[in-house]
Amino acid sequence: MTAAAKTAYPRRSVIERAIAAAKAAGIKVGGFEVDPDGTVRILSERVSPTSDDAYARWKAKGGPR
């Protein structure tokens, strides 16, 4: 077997430690990716950006008076 064909997926404990470290750093974990070479990527939670809509801000303040 060649080195390129061999996979080295990380163990569960490695993934759990990476997630715990991300949470300890204040990151809201939305998921993770694991590559065959052992790389673990922590993905932050996606948050929909709030609309910067002038009309919505105006209406939230009470609209016309």
Side-chain angles (χ1 to χ4, degrees):
M1 181 180 280
T2 65
K6 187 176 181 182
T7 58
Y9 285 104
R11 296 188 181 274
R12 180 180 181 154
S13 61
V14 173
I15 297 168
E16 289 173 346
R17 279 195 308 264
I19 291 172
K23 286 181 179 180
I27 298 171
K28 291 186 178 184
V29 177
F32 64 92
E33 293 178 351
V34 178
D35 288 341
D37 66 354
T39 302
V40 178
R41 256 182 232 97
I42 304 299
L43 306 173
S44 64
E45 184 178 79
R46 285 187 150 187
V47 179
S48 299
T50 57
S51 174
D52 190 22
D53 183 10
Y55 175 76
R57 285 193 313 266
W58 171 77
K59 187 156 180 150
K61 289 182 181 179
R65 296 186 185 193

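In this chain, numbering begins with 1 at the start of the sequence shown. Only heavy atoms go into these numbers, but all of them, side chains included; no hydrogens, no water, no symmetry mates.
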Under 3.5 Å, which donor-acceptor pairs link side chains of residues 8-20 to any protein atom two or more places apart or in another chain?
unit_1, atom_1, unit_2, atom_2, d
R12, NE, E16, OE2, 2.8

Co-members of the apolar cluster containing L43 [side chain, <4.5 Å]:
none
Per-pair distances, 0.1 Å, donor-acceptor, side chain in residues 21-42, under 3.5 Å, sequence neighbours excluded:
unit_1, atom_1, unit_2, atom_2, d
E33, OE1, R41, NH1, 3.2
D35, OD2, R41, NH1, 3.2
D35, OD2, R41, NH2, 2.9
D37, OD1, T39, N, 3.1
D37, OD1, T39, OG1, 2.8
D37, OD2, T39, OG1, 3.3

